[in-house]
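The figures here come from the full heavy-atom set of this structure, side chains too, leaving out hydrogens, waters and symmetry mates.
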Amino acid sequence: MQRITRFIYAGFGIWTISLAQVLTGVASDTATSPIGANQHVLILGDSIAAPGMYSYVANEILLAAHIESPPIFSSFGIAGATSQSILPALSHGLENGLYDWILVNLGQNDSGRFTPDEFKQHSRKLLATLREKAPHAKLGWISLLGSEPTAWADDPTQTKRAGKLLEQRRKCAAIAAATRELCEEEGILYVPLFECVENLLQQRKKLGLKVSFTMDSIHPNLAGYWVFGAALMKSLGFAVPPIERDVLQADALSDQGRLAIADRTEPLTLQFDGIFLKVRLVSPPTDTIISHRRTTAICVDGNVSEWSDVPDVTIAPPLHVTMECVPGAARADRYAASLQSAYDEENLYFAVRVREPATGEGKWFPEIVEIFIDARQDTSQSGNVWRKTPGLTQYCFHRDFSGAEPRVTISINGDDSQGQDIVAAAHLEQGGYAMEIAVPVRNFKQSAFKSGLRCPMDWAVSFTDQAVNLDWMGLMSRSCSTRGYGWLILE
């Protein structure tokens with residue numbers, strides 16, 4: 001069964017934002033940027049733009065800087081999109097309203113398929129179509145990030161991979177150069193993100209920082225979105241005072257998902273000349289969920305009153321945000337979720353409580369609660385849900401309150417043998433809903449679900465229409481790598 005997903009396939013200074021998540025900064029303005037007050041900006045791209053994290057970071061930075069009447073950034077992206085393939089989706093991407101600016105962020109996928117000249121040819125047609133469909137919008141092009149070289153290139157075991165990543169980046173550099181030429185020829189704004197990121201990567205190498213900004217050399221991880229997002233705002237000419245941000249370390253220390261992550265007791269601070277953002281990589285408040293032993297079965301009916309003696313683990317903005325496709329959705333105290341666990345001889349149970357402003361069905365994205373359980377006997381190597389690693393399963397639960405009775409639709413990805421005979425129920429509550437889940441322990445063949453078991457896991461809530469996505473460990477990569485998972489421990 002397939003995962004339900006929204007993607008329609010979908011010169012630096014210094015700044016900061018902290019764990020208390022009080023965003024601070026002194027008043028600033030937009031005078032040095034071509035983007036003016038109250039203007040609406042769309043970032044149009046591929047799977048890098050699709051999660052909305054560029055626009056989320058941009059909007060949070062502007063909020064932190066106390067800019068009066070700030071512009072509002074939004075994002076739209078299609079996974080795998082090129083400057084050629086995105087054309088049929090433009091009507092959908094522009095349907096949310098008039099934009100004062102449309103900033104295209106394509107080129108990464110083009111770099112592996114087209115020559116720079118072919119890229120420019122396709123891009124001219126894209127720009128012509130945008131001028132036709134959005135005649136009032138000013139146009140710009142954000143150059144691609146480019147493939148990320150590994151920060152562990154000095155490891156003898158990584159020589160071949162390091163060389164391949166550098167070769168990929170050289171192809172990306174050619175697309176960035178073509179993008180600059182295109183913008184000059186078309187008379188549109190060129191946003192030099194590639195050049196800013198190149199500067200940042202050189203600083204990382206000079207400092208000897210063992211940090212990844214992407215989960216797979218292409219797609220940013222949580223730390224990467226914050227660092228690259230600040231670079232983007234700098235590239236757009238926003239003059240902002242220094243800001244700090246506490247960001248979950250997630251998989252930033254895993255060499256693009258290849259290394260086990262050592263526990264850190266102290267935050268790791270990332271600070272680069274040329275961007276105004278200082279990022280402190282922090283551990284989550286807890287990386288452990290204790291599953292409490294029950295001597296009697298739990299009635300799975302969506303009513304969580306019998307869970308009052310079980311501690312919960314909560315996720316909420318801003319620390320746990322890994323996606324925001326409705327600008328400002330995560331800013332208000334409207335979204336949060338908690339999870340509890342218990343077990344008996346027959347089942348592993350979960351209770352989830354979700355706070356959100358609306359429990360109706362979305363226009364085209366069904367809300368899901370995601371639980372990842374890595375029940376392999378040997379978890380020393382990373383697992384991948386898409387490659388169906390045996391013993392690793394993603395459980396997706398969609399609540400539906402549109403009918404006379406609540407119901408839960410269950411989807412399984414990865415090792416679907418661990419998803420047999422699952423029972424789930426949902427129940428409306430004031431301000432949201434509750435859900436109960438029972439997974440038969442007989443499904444788990446590699447690990448015995450009994451007292452003392454320590455099992456990697458993660459969980460997340462992808463809210464309707466991806467208003468916001470919250471992830472326990474801050475992982476953008478939870479489906480393609482198990483590096484950075486927390487722990488489920490059976491007491």
Engineer: Donor-acceptor pair, distance only, cut-off 3.5 Å: does the side chain of Asp216 make one with the backbone of His219?
Structural biologist: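 A pair under 3.5 Å: yes.
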Engineer: Got a sec, which residues hit side chain to side chain donor-acceptor pair (under 3.5 Å) with Ser123, two or more places apart in sequence or on another chain?
Structural biologist: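 Not a single residue meets the side chain to side chain donor-acceptor pair (under 3.5 Å) criterion with Ser123.
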Engineer: State whether the side chain of Ser143 and the backbone N or O of Val191 hold a donor-acceptor pair below 3.5 Å, judged by distance alone.
Structural biologist: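 Yes; at least one donor-acceptor contact below 3.5 Å.
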Engineer: Which residue pairs pass the salt bridge (Lys or Arg N to Asp or Glu O under 4.0 Å) test when at least one of the two sits in residues 393-412, sequence neighbours left out?
Structural biologist: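 Qualifying pairs, neighbours excluded: Glu356-Arg399, Glu361-Arg399, Glu367-Arg399, Asp400-Arg407.
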Engineer: Is it the case that the side chain of Asn59 and the backbone of Phe73 share a donor-acceptor pair, with hydrogens and angles ignored and the cut-off at 3.5 Å?
Structural biologist: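 Looks like yes, one N/O pair under 3.5 Å.
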Engineer: Please name the pair of heavy atoms, one in Gly93 and one in Leu42, separated by the smallest distance, quoted to 0.1 Å.
Structural biologist: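 Minimum heavy-atom contact is O-CD2, 3.8 Å.
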Engineer: Does a side chain donor of either Trp226 or Glu60 reach within less than 3.5 Å of an acceptor in the other side chain?
Structural biologist: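 Short answer, no.
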Engineer: Any side-chain to backbone donor/acceptor pair from Asp100 onto His40? Under 3.5 Å, distance only.
Structural biologist: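 Yes; at least one donor-acceptor contact below 3.5 Å.
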Engineer: Please check if the distance between the ring centroids of Trp141 and Phe194 is under 6.0 Å.
Structural biologist: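 Distance test on ring centres: not under 6.0 Å, no.
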Engineer: Do His427 and Tyr433 make the cut of ring centroids closer than 6.0 angstrom?
Structural biologist: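 They do not qualify: ring centres at least 6.0 Å apart.
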Engineer: Could you tell me whether the side chain of Glu324 and the main chain of Gly328 form a donor-acceptor pair under 3.5 Å?
Structural biologist: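 Answer holds: yes.
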Engineer: What residues form a salt bridge (Lys or Arg N to Asp or Glu O under 4.0 Å) with Asp46, not counting sequence neighbours?
Structural biologist: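 Applying salt bridge (Lys or Arg N to Asp or Glu O under 4.0 Å) to Asp46 gives none.
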Engineer: Compare every heavy atom of Ala426 with every heavy atom of Phe401, then report the nearest pair and how far apart it is.
Structural biologist: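 For Phe401 versus Ala426, the nearest heavy atoms are CZ-CB, 3.9 Å.
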Engineer: Sequence neighbours left out, what passes salt bridge (Lys or Arg N to Asp or Glu O under 4.0 Å) with Arg204? Give chain and number order.
Structural biologist: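 Expected list: Glu148.
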Engineer: For residues 130-139, which residue pairs pass the side chain to side chain donor-acceptor pair (under 3.5 Å) check, not counting sequence neighbours?
Structural biologist: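 Side chain to side chain donor-acceptor pair (under 3.5 Å) check on residues 130-139 returns Ser91-Lys133, Arg131-Glu186.
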Engineer: When you measure from the side chain of Thr389 to the backbone of Asn384, do you find a donor-acceptor pair of N or O atoms at a distance under 3.5 Å?
Structural biologist: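 Yes, the answer is positive, given that a donor and an acceptor are paired below the 3.5 Å cut-off.
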Engineer: Just by distance, do the side chain of Tyr395 and the backbone of Gln418 share a donor-acceptor pair under 3.5 Å?
Structural biologist: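 A pair under 3.5 Å: yes.
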Engineer: Is any side-chain N of the basic residue among Lys363 and Asp465 closer than 4.0 Å to the acidic one's carboxylate O?
Structural biologist: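 Salt bridge: no.
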Engineer: Main chain of Trp307, side chain of Gln340: is a donor-acceptor contact present, judged purely on distance under 3.5 Å?
Structural biologist: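 Side chain of Gln340 to backbone of Trp307: a pair is present.
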Engineer: Quiz question: by atom type and distance under 3.5 Å, do the side chains of Asn413 and Gln394 form a donor-acceptor pair?
Structural biologist: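 On atom types as modelled, these side chains qualify, holding a pair under 3.5 Å.
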Engineer: Among Asn221, Asn469, Asp471, which residue meets the side chain to side chain donor-acceptor pair (under 3.5 Å) test with Thr322?
Structural biologist: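 Passing option: Asn469.
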Engineer: Do Ser69 side-chain atoms and Asn38 backbone N/O form a donor-acceptor pair below 3.5 Å?
Structural biologist: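 No, the answer is negative, given that no donor and acceptor are paired below the 3.5 Å cut-off.
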Engineer: Would you indicate whether Arg353, at its atom CZ, is surrounded by more than 12 heavy atoms from other residues, nucleotides or ligands within a distance under 6.0 Å?
Structural biologist: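 For Arg353, atom CZ is not crowded (no more than 12 foreign heavy atoms under 6.0 Å).
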Engineer: Using a strict cut-off of less than 4.0 Å between a Lys/Arg side-chain nitrogen and an Asp/Glu carboxylate oxygen, indicate whether Arg355 and Asp333 qualify as a salt bridge.
Structural biologist: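 A salt bridge links Arg355 with Asp333.
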Engineer: Is a side-chain donor or acceptor of Thr129 paired with a backbone partner of Lys125 at a separation under 3.5 angstrom?
Structural biologist: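 Flag set: sc Thr129 to bb Lys125 pair under 3.5 Å.
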Engineer: Who pairs with Asp255 by salt bridge (Lys or Arg N to Asp or Glu O under 4.0 Å), at least two apart in sequence or on another chain?
Structural biologist: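 Partners of Asp255 under the salt bridge (Lys or Arg N to Asp or Glu O under 4.0 Å) test: Arg161.
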Engineer: Before you tell me yes or no, could you show the steps for Ile48 and Leu145 under side chain to side chain contact (heavy atoms under 4.5 Å, CB included), namely the whole-Å CA-CA distance, both residues' side-chain angles and the distance that decides it to 0.1 Å?
Structural biologist: CA-CA 9 Å; Ile48 296 174; Leu145 290 174; 4.2 Å; yes
